[in-house]
Amino acid sequence: MGAAEPAPDIERATLPGRAAALVGLLRRNAARTEQDRCVAAENIAALDEAGLFSLAVPKRLGGHQERIRTLVEVSSELGRGCGSTAWTTSLINISGWLIGLYPQRAQREVYAQDPGTRACAVLPPHGTGRTADAGSIVTGRWGFASGCLHARWALLGMTLTGERGDRLDQALALVPVDQLTIEDTWHVAGMRGTGSNTLVADGVFVPAHRILSVTHALQGTYPTEFKDETLYRAAFVPTLALSLAGPLLGLARGAMELVLASLAAGRGISHTHYAQAREAPSTQMQLAEAASLIDTATLHLMRAADDVDSWAASGQCMPLVNRTRARMDIGTVARCSRDALDLLLSVQGARSFADDSPLQRIWRDLETGTRHAMVNPAIATEMYGRALLGIEDQITALI
């Protein structure tokens with residue numbers, strides 16, 4: 001019997017390296033995560049131990065305060081093992097970035113006791129915040145709250161109103177999850193394990209320092225007092241959208257690995273003379289095309305992340321055309337990842353859709369995740385085209 005494989009040195013590994021070391025565990029738990037409609041507790045514990053929930057938490061509060069590029073690299077690695085786990089982890093991390101935009105008082109309330117404290121976020125203003133003394137009374141229902149089953153805090157999009165109901169602003173309220181109700185509404189075909197249920201608030205008071213103006217954030221103005229912290233100068237919408245793209249690329253990468261392993265095992269192609277599918281030109285060509293699409297997705301993802309990081313480092317607001325190009329890059333990640341998986345499913349054949357095949361889960365996860373409104377390729381293309389033409393009227397304020 002050979003020597004046992006040494007455990008990975010978590011402290012010395014890079015953060016993407018720590019994520020890569022967990023891929024095997026995530027793959028083993030992927031079916032259970034999906035069946036339970038919740039990321040397996042073993043996954044959560046391993047991610048916590050590896051420090052992968054605090055990528056965007058300020059260093060002064062015990063976090064890593066990493067670049068956006070690192071965030072997408074980590075989520076892409078995790079996506080190779082389990083789409084739901086990668087999606088949940090990435091959105092918990094981006095919620096940490098959002099908290100880093102708040103005033104120091106709010107940040108300390110969340111992280112002073114534990115830099116690994118997890119949060120979730122729902123950006124659309126599905127609630128209202130009625131002005132009250134030194135804060136707002138928040139009421140609403142927020143669906144698609146990915147990560148809510150593992151979070152102690154939630155960031156909730158809302159419309160701020162005056163005492164007479166007049167609209168004042170769009171905002172994000174930072175609220176302890178124990179002041180909310182979680183309704184079990186996440187019954188879906190793909191990304192089942194994210195547990196993206198519905199959060200409900202009924203007259204919850206939120207103090208003013210835990211309310212962030214989305215209107216100001218869209219203009220690059222954040223209330224954090226620490227203006228020298230580069231990470232918390234990143235462009236608002238491109239950063240949020242990038243958090244969704246890494247897991248999608250990871251799913252396509254994971255599918256490629258599974259298909260290559262199956263081909264290496266020497267299977268043939270039914271109803272042909274090919275005893276080994278790997279010898280067929282059709283297999284070789286489809287694999288090459290799928291690999292090229294995955295490479296294309298990777299290049300666009302990293303370009304967008306690097307662009308966001310570079311503008312944040314410059315201290316300047318990221319220009320509109322760059323922000324729309326980032327959205328275009330993210331749409332390209334979605335489209336290329338989907339197209340690559342389509343080719344890989346054709347290489348693997350109908351066996352891809354057996355209940356016990358991880359490929360059918362990857363297919364459902366990728367088909368679901370790439371339909372998120374923030375990564376919609378058609379919408380991104382329209383936005384980018386208008387920006388290139390200098391058309392001031394855009395189709396959304398979320399750029």
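The shown structure was predicted, so the numbers you read here are calculated from the model rather than taken from an experiment.
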- Taking the side chain as every heavy atom from C-beta outward, state whether Ile379 and Thr396 have any atom pair closer than 4.5 Å. no

- Message: Main chain of Leu26, side chain of Asn43: is a donor-acceptor contact present, judged purely on distance under 3.5 Å?
- Response: no

- Separation between CG (Asn197) and OG (Ser146), nearest 0.5 Å, reads 9.5 Å

- Value for CG (Leu301) from OG1 (Thr332), rounded to nearest 0.5 Å, stands at 10.5 Å

- Hey, does the side chain of Glu49 reach the backbone of Ala45 with a donor-acceptor pair shorter than 3.5 angstrom? no

- Could you check if a side-chain atom of Ser243 sits within less than 4.5 angstrom of a side-chain atom of Leu91, using non-hydrogen atoms only? yes

- Minimum heavy-atom distance Leu15-Glu66, with the two atoms named: CD1-CG, 3.4 Å

- Trp87 vs His372 aromatic rings, parallel, tilted or perpendicular, using cut-offs 30° and 60°? tilted

- How far apart are the closest heavy atoms of Ile269 and Ala277, and which atoms are they? CG1-CB, 3.5 Å

- Does any N or O in the side chain of Glu77 come within less than 3.5 Å of the main-chain N or O of Val23, such that one atom is a donor and the other an acceptor? no

- According to a 4.5 Å side-chain heavy-atom criterion applied to Ile, Leu, Val, Met, Phe, Trp and Tyr, with indirect links allowed, do Val200 and Ile182 form part of one hydrophobic cluster? no

- Checking side chain to side chain contact (heavy atoms under 4.5 Å, CB included) for the pair Leu263/Leu287: CA distance, chi angles, key distance, verdict? CA-CA 11 Å; Leu263 291 170; Leu287 279 175; 3.4 Å; yes

- Minimal non-hydrogen separation, Ala154 against Leu199, with atom names: CB-CD1, 3.8 Å

- Gap separating the CG atom of Leu168 from the OG atom of Ser213, nearest 0.5 angstrom: 10.5 Å

- Item | Main-chain N/O of Arg69 paired to Asp309 side chain as donor or acceptor, under 3.5 Å | yes

- Note on the structure: Scanning both residues in full, the closest heavy-atom pair of Gln394 with Met383 reads NE2-O, 2.8 Å

- Distance col, row Ile330:CD1 vs Arg335:CZ, nearest 0.5 angstrom, shows 13.5 Å

- Query: Counting only heavy atoms not in Asp202, do more than 12 sit closer than 6.0 Å to its CG atom?
  - Reply: no

- Item | Arg105 atom CZ, over 12 foreign heavy atoms within 6.0 Å | no

- Within one Ile-Leu-Val-Met-Phe-Trp-Tyr cluster: Ile92 and Leu156, side-chain cutoff 4.5 Å: no

- Query: Ignoring hydrogens and geometry, is there a side-chain-to-backbone donor-acceptor pair from Thr283 to Glu279 under 3.5 Å?
  - Reply: no

- Any Phe226 side-chain heavy atom under 4.5 Å of Gln104 side chain: yes

- Message: If hydrophobic clusters are built from ILVMFWY residues whose side chains come within less than 4.5 Å, do Leu71 and Trp311 share one?
- Response: yes

- Message: Determine whether a donor-acceptor pair (N or O, by modelled atom type, separation under 3.5 Å) exists between the side chain of Gln170 and the backbone of Thr215.
- Response: no

- For atom CH2 of Trp363, decide whether the heavy atoms of other residues, nucleotides or ligands shown that lie under 6.0 angstrom number more than 12. no

- Could you tell me whether the side chain of Arg233 reaches within less than 4.5 Å of the side chain of Lys227, counting heavy atoms only? no

- Side chains of His187 and Arg37: does their closest heavy-atom pair fall under 4.5 Å? yes

- Task: Could you tell me whether Glu225 atom CD has more than 12 heavy atoms of other residues or ligands within 6.0 Å of it?
- Result: yes

- Task: Verify, without hydrogens or angle tests, whether Ser90 (side chain) and Ala86 (backbone) share a donor-acceptor contact under 3.5 angstrom.
- Result: no

- Message: Can you tell me if Arg278 has over 12 outside heavy atoms packed within less than 6.0 Å of its CZ?
- Response: no

- Message: Strictly distance-based, threshold 3.5 Å: is any side-chain N or O of Asp48 a donor or acceptor partner for the main-chain N or O of Phe53?
- Response: no

- Interatomic distance, Gln286 atom CD to Leu345 atom CG [nearest 0.5 angstrom]: 10.5 Å

- Message: I'd like to know if Leu343 and Met285 are part of one continuous hydrophobic network [Ile/Leu/Val/Met/Phe/Trp/Tyr, side-chain heavy atoms within less than 4.5 Å].
- Response: no

- Under 6.0 Å from the CG atom of Asp166, do we count more than 12 heavy atoms belonging to anything else shown? yes

- Using the side-chain hydrogen bond (donor to acceptor under 3.5 Å, both in side chains) rule, take Gln348 and Ser262 through it: C-alpha gap first, then chi angles, then the decisive distance, then the call. CA-CA 8 Å; Gln348 190 71 356; Ser262 174; 3.1 Å; yes

- Task: Starting at CD of Gln107, measure out to CG of Leu174 and round the result to the nearest 0.5 Å.
- Result: 10.0 Å

- Do the rings of Trp97 and Phe236 sit parallel, tilted or perpendicular, given the 30° and 60° boundaries? tilted

- Query: Taking C-beta and beyond as the side chain, do Val188 and Thr368 meet within less than 4.5 Å on heavy atoms?
  - Reply: no

- Message: Is there a path of hydrophobic side-chain contacts, each under 4.5 Å between heavy atoms, that joins Val175 and Leu160?
- Response: yes

- Do the side chain of Arg386 and the main chain of Asp393 share a donor and acceptor less than 3.5 angstrom apart? yes

- Task: Kindly say whether Ser292 contributes a backbone atom to a donor-acceptor pair with the side chain of Thr296 at under 3.5 angstrom?
- Result: yes

- Message: Run Val122 and Phe144 through side chain to side chain contact (heavy atoms under 4.5 Å, CB included) and show every step you take.
- Response: CA-CA 7 Å; Val122 184; Phe144 310 112; 5.8 Å; no

- Query: Any salt bridge between Arg60 and Glu229, counting N to O under 4.0 Å?
  - Reply: yes

- Task: Indicate the atoms forming the closest heavy-atom contact of Ser84 with Val39, along with that distance.
- Result: O-CG2, 4.1 Å

- Query: Does the pair Met191 and Arg371 meet the rule for a side chain to side chain contact (heavy atoms under 4.5 Å, CB included), with working shown?
  - Reply: CA-CA 11 Å; Met191 290 290 189; Arg371 264 67 185 193; over 6 Å; no

- Item | 4.5 Å side-chain heavy-atom contact, Leu231 and Ile68 | yes

- Query: What are the two closest non-hydrogen atoms of Pro247 and Leu244, and how far apart are they?
  - Reply: CD-O, 3.5 Å

- After noting the C-alpha distance and the side-chain angles of Leu398 and Leu240, does the key distance pass the side chain to side chain contact (heavy atoms under 4.5 Å, CB included) rule? CA-CA 10 Å; Leu398 294 177; Leu240 296 177; over 6 Å; no

- Under 4.5 Å between any side-chain heavy atoms of Thr381 and Met328, yes or no? yes

- Item | Residue pairs, two or more places apart or on separate chains, that pass side chain to side chain donor-acceptor pair (under 3.5 Å) and touch residues 117-143 | Arg141-Glu183

